[in-house]
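Okay, so here's the structure we're looking at.
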Amino acid sequence: MQTTHHKPFHLEYAPSIESTDIVKIEAKNKLFIDGKFVEPTSKKYFSTVNPATGSTLAQIADANAKDVDLAVKSARKAYSKVWSKMSGKDRGKYLFRIARLIQEHARELAVLETLDNGKPIKESRDIDIPLVAAHFFYYAGWADKLDYAIPGKDVKPLGVVGQVIPWNFPLLMAAWKIAPALACGNTVVIKPAETTSLSILLLAQIFQEAGLPDGVVNIVTGAGETGAAIVNHNDINKIAFTGSTEVGRIIQKAVAKTDKKLTLELGGKSAHIVYEDAAIDQAVEGAINGIFFNQGHVCCAGSRLLLEESIASEFVDKLKTRMETLRVGNPLDKNTDIGAINSAAEHSKIQKLIQTGISEGGEYFEPTSSQLPEKGFFQKPCFFNNVSSAFTLSRIEVFGPVLAISTFRSVSEAIAKANDTQYGLAAGIWSEKGSKIHKTAAGLKAGVIWANTYNKFDPSSPFGGYNESGFGREGGRHGLFPYLSI
Ligand code: NAD
Ligand code: MG
């Protein structure tokens with residue numbers, strides 16, 4: 001009888017490319033102010049590219065301070081004349097309608113998100129867009145129950161809220177921001193990231209289709225200067241920001257001298273702890289999902305893997321075998337696991353950090369199996385093994401598919417190592433023992449802690465960080481508080 005070798009289980013699939021026929025991308029994409037698409041006052045536009053090919057997808061309006069002011073005026077008018085006067089029940093009806101329309105347009109939204117962002121279609125289709133709809137459904141349900149959110153308190157909306165979001169989950173971050181704000185009776189001026197403006201502009205069409213009153217949500221596209229114009233506008237009552245710690249600091253300084261409320265959702269360097277009694281194969285999958293999901297463009301990515309010493313070498317071998325089977329490539333291919341890095345700038349930042357890791361003497365591994373496409377911005381998944389906490393990649397957020405692995409010998413050492421960071425967004429624990437999971441979780445300084453899973457999101461569950469990962473919570477009942485005057 002023939003013996004088979006335990007080679008990595010690697011099936012070759014024929015490409016299965018999602019058609020892009022369903023989306024119609026306008027050559028020029030205007031601002032969405034007072035319920036209408038309008039030309040920016042400067043008449044200036046900039047390009048957005050498809051990171052999987054490097055080619056230009058469309059032109060996006062560049063909003064300046066004047067446009068932001070028009071958007072704020074429109075939001076203020078909608079707030080005082082319509083939205084703050086409407087009953088919670090009626091606001092909820094609009095949000096339910098928007099949620100259902102998102103489901104109806106799901107395929108279109110998923111393809112557009114993948115084209116503009118570079119994430120695999122199976123993620124935009126099965127994770128991002130369903131969660132976007134789920135957030136609107138969830139907060140629609142709160143709109144007429146705000147009196148029960150905080151018993152004994154008479155809650156009121158804040159007014160006009162300014163929101164600035166990143167490019168890693170363009171539409172999901174928009175949903176996290178817009179849905180609770182509207183449910184609570186606020187109106188919105190929001191700015192997407194400059195590399196991923198298209199999906200939120202399609203959402204604007206859904207708002208029109210839903211009959212959302214003019215000015216309740218206004219969308220201004222542009223880069224950092226447009227964001228700063230929102231942050232510094234004096235008729236905005238609250239700022240919500242997700243992005244880098246660096247920009248978070250600038251925003252906190254700017255807001256400190258005003259009476260604006262503020263929530264910040266910033267970076268992370270989250271620890272993923274695997275104990276020797278864990279279900280190893282599941283934990284390997286968990287580690288893969290923790291760091292390679294969405295090309296590692298995840299603020300709560302499990303970018304530091306902490307392995308109990310007794311299982312470390314077995315674990316690392318299994319991780320290597322599994323990484324050989326990950327498919328990196330065309331994000332529109334339904335078989336793709338790892339798509340394109342969102343921009344040339346982000347790609348070169350990741351490559352520089354990998355070089356830093358190599359020059360610091362890290363034990364580098366990347367799979368040999370996959371070939372990267374010639375065009376576009378692609379990065380193989382990789383890790384550095386046996387790194388100390390002084391190693392740059394143990395401390396700095398890479399925001400790419402790069403994992404730092406180290407070991408520990410006891411529960412207390414695992415907790416100490418996990419907490420040895422300026423951040424505190426998330427953590428993961430793998431063990432078959434509930435008591436060990438509870439003991440570890442109680443010692444961790446992280447806003448979100450997963451047990452025997454990772455990167456699982458649900459609109460009913462609050463999300464947010466400690467320390468330099470920011471403050472305030474999004475999602476769940478807690479996610480209402482930043483949008484209410486209590
Ligand atoms: P960034 O903070 O520069 O951008 C985030 C958003 O803020 C964008 O919409 C941007 O246009 C806007 N912005 C930039 N400067 C601004 C300013 N001065 N005032 C107001 N708004 C401003 O983040 P980035 O450059 O896109 O990514 C850099 C790093 O940030 C990443 O490598 C990663 O480490 C981190 N990041 C974290 C998250 C997260 O979810 N926490 C998301 C994206 C990026
Ligand atoms: Mg783009």
Side-chain angles (χ1 to χ4, degrees), residues 46 48 51 60 62-65 68 116-119 128 162-174 176-177 189-197 199-200 219-233 236 239-255 260 262-270 293-301 303 341-353 377 379 393 395-402 421-426 446-448 455 457 463-472 474-475:
F46 59 93
T48 190
I60 308 289
D62 192 0
N64 59 22
V68 169
D116 202 13
N117 169 280
K119 62 176 65 200
D128 293 57
Q163 306 178 321
V164 178
I165 55 174
W167 44 264
N168 55 342
F169 292 90
L171 205 57
L172 185 56
M173 290 303 104
W176 280 29
K177 298 272 183 291
V189 175
I190 186 167
K191 189 193 89 63
E194 52 273 38
T195 55
T196 53
S197 309
S199 56
I200 196 174
I219 300 165
V220 284
T221 45
E225 268 182 49
T226 314
I230 295 177
V231 169
N232 295 316
H233 197 287
I236 285 183
I239 298 291
F241 172 76
T242 298
S244 62
T245 299
E246 194 189 343
V247 174
R249 274 201 201 101
I250 298 173
I251 292 177
Q252 189 166 12
K253 245 188 219 164
V255 167
K260 286 178 188 131
L262 177 66
T263 42
L264 297 175
E265 202 81 75
L266 309 174
K269 194 76 205 179
S270 298
F293 167 54
N294 198 28
Q295 296 72 246
H297 298 330
V298 184
C299 48
C300 53
S303 53
I341 301 298
N342 179 246
S343 63
E346 205 63 27
H347 191 213
S348 71
K349 183 187 138 194
I350 293 167
Q351 290 188 323
K352 268 193 205 125
L353 282 167
F377 320 128
Q379 180 64 52
L393 296 194
R395 318 206 70 83
I396 305 284
E397 182 181 45
V398 182
F399 224 63
V402 185
T421 169
Q422 79 218 52
Y423 295 111
L425 196 50
V448 181
N455 274 338
F457 304 96
F463 184 94
Y466 276 66
N467 296 332
E468 292 192 17
S469 292
F471 49 80
E474 294 186 306

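When reading the values below, keep in mind they use all heavy atoms of this one structure, side chains included, and skip hydrogens, waters and symmetry mates. Read the numbers this way: they start at 1 and go in the same order the structure lists the ligands and their atoms.
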Under 6.0 Å between ring centres: does that hold for W176 and F463? yes
Give a yes/no on ligand 1: does E246 have at least one heavy atom closer than 4.0 angstrom to it? no
Under 4.0 Å from a heavy atom of V164: give me the atoms of ligand 1 that qualify, with their elements. 6 (C), 7 (O), 9 (O), 12 (C), 21 (N)
I want to know if ligand 1 touches P166 in the polar sense, i.e. an N/O pair below 3.5 angstrom. no
Protein heavy atom under 4.0 angstrom of atom 11 (O) of ligand 1, is there one? yes
Has E225 got more than 12 heavy atoms of other residues, nucleotides or ligands less than 6.0 Å from its CD? no
Run the side chain to side chain donor-acceptor pair (under 3.5 Å) test against S199 and tell me which residues pass, sequence neighbours left out. E113
Partner residues of T242 under the side chain to side chain donor-acceptor pair (under 3.5 Å) criterion, sequence neighbours left out: K177
With a cutoff of 4.0 Å, is H297 in contact with ligand 1, counting heavy atoms of the residue only? no
Mark whether atom 25 (O) of ligand 1 lies under 4.0 angstrom from at least one protein heavy atom. no
Under 4.0 Å, counting heavy atoms only: does A345 come that close to any atom of ligand 1? no
Please compare G222, C299, G243 and report which has the shortest non-hydrogen distance to atom 37 (C) of ligand 1. G243
When you measure from the side chain of N467 to the backbone N and O of G424, does any donor-acceptor pair fall under 3.5 Å? no
Which of the atoms in ligand 1, numbered in the order shown and given with their element, are less than 4.0 Å from a heavy-atom of W167? 24 (P), 26 (O), 27 (O)
So, the side chain of Q295 versus the backbone of G400: is there a donor-acceptor pair under 3.5 Å, distance only? no
Quick check: L266 and ligand 1, any N/O pair under 3.5 Å apart? yes
Taking only non-hydrogen atoms of G227 and a 4.0 Å limit, the atoms of ligand 1 in range are 19 (N), 20 (C), 21 (N)
Proximity of E265 to ligand 1 by residue part, where a heavy atom lies under 4.0 Å: backbone
Distance filter under 4.0 Å to A193 heavy atoms, resulting ligand 1 atoms: 9 (O)
The test is side-chain contact (heavy atoms from CB on, under 4.5 Å); show your working for T221 and T226 and say whether it passes. CA-CA 7 Å; T221 45; T226 314; over 6 Å; no
Can you tell which of I190, T242, V231, V247 gets a heavy atom nearest to atom 5 (C) of ligand 1? T242
Which residue and heavy atom of the protein sit nearest atom 2 (O) of ligand 1, plus the separation: S244 OG, 2.6 Å
Between T196 and N117, do the side chains contain a donor N or O and an acceptor N or O under 3.5 Å apart? no
For K349, counting its heavy atoms only, list the atoms of ligand 1 lying under 4.0 Å from any of them. 31 (C), 32 (O), 34 (O)
Would E265 and L425 count as a side-chain contact (heavy atoms from CB on, under 4.5 Å) if you check the C-alpha gap in whole Å, the side-chain angles of each, and the deciding distance to 0.1 Å? CA-CA 9 Å; E265 202 81 75; L425 196 50; 4.1 Å; yes
Does I165 approach ligand 1 within less than 4.0 angstrom via side chain, backbone, both or neither, non-hydrogen atoms only? backbone
Only heavy atoms of E346, strictly under 4.0 Å: list the atoms of ligand 1 that pass. 31 (C), 32 (O)
List every atom of ligand 1 that sits less than 4.0 Å from any heavy atom of N168, numbering the atoms from 1 in the order shown and giving each element. 40 (O), 42 (C)
Can F169 be said to touch ligand 1, with heavy atoms closer than 4.0 Å? no
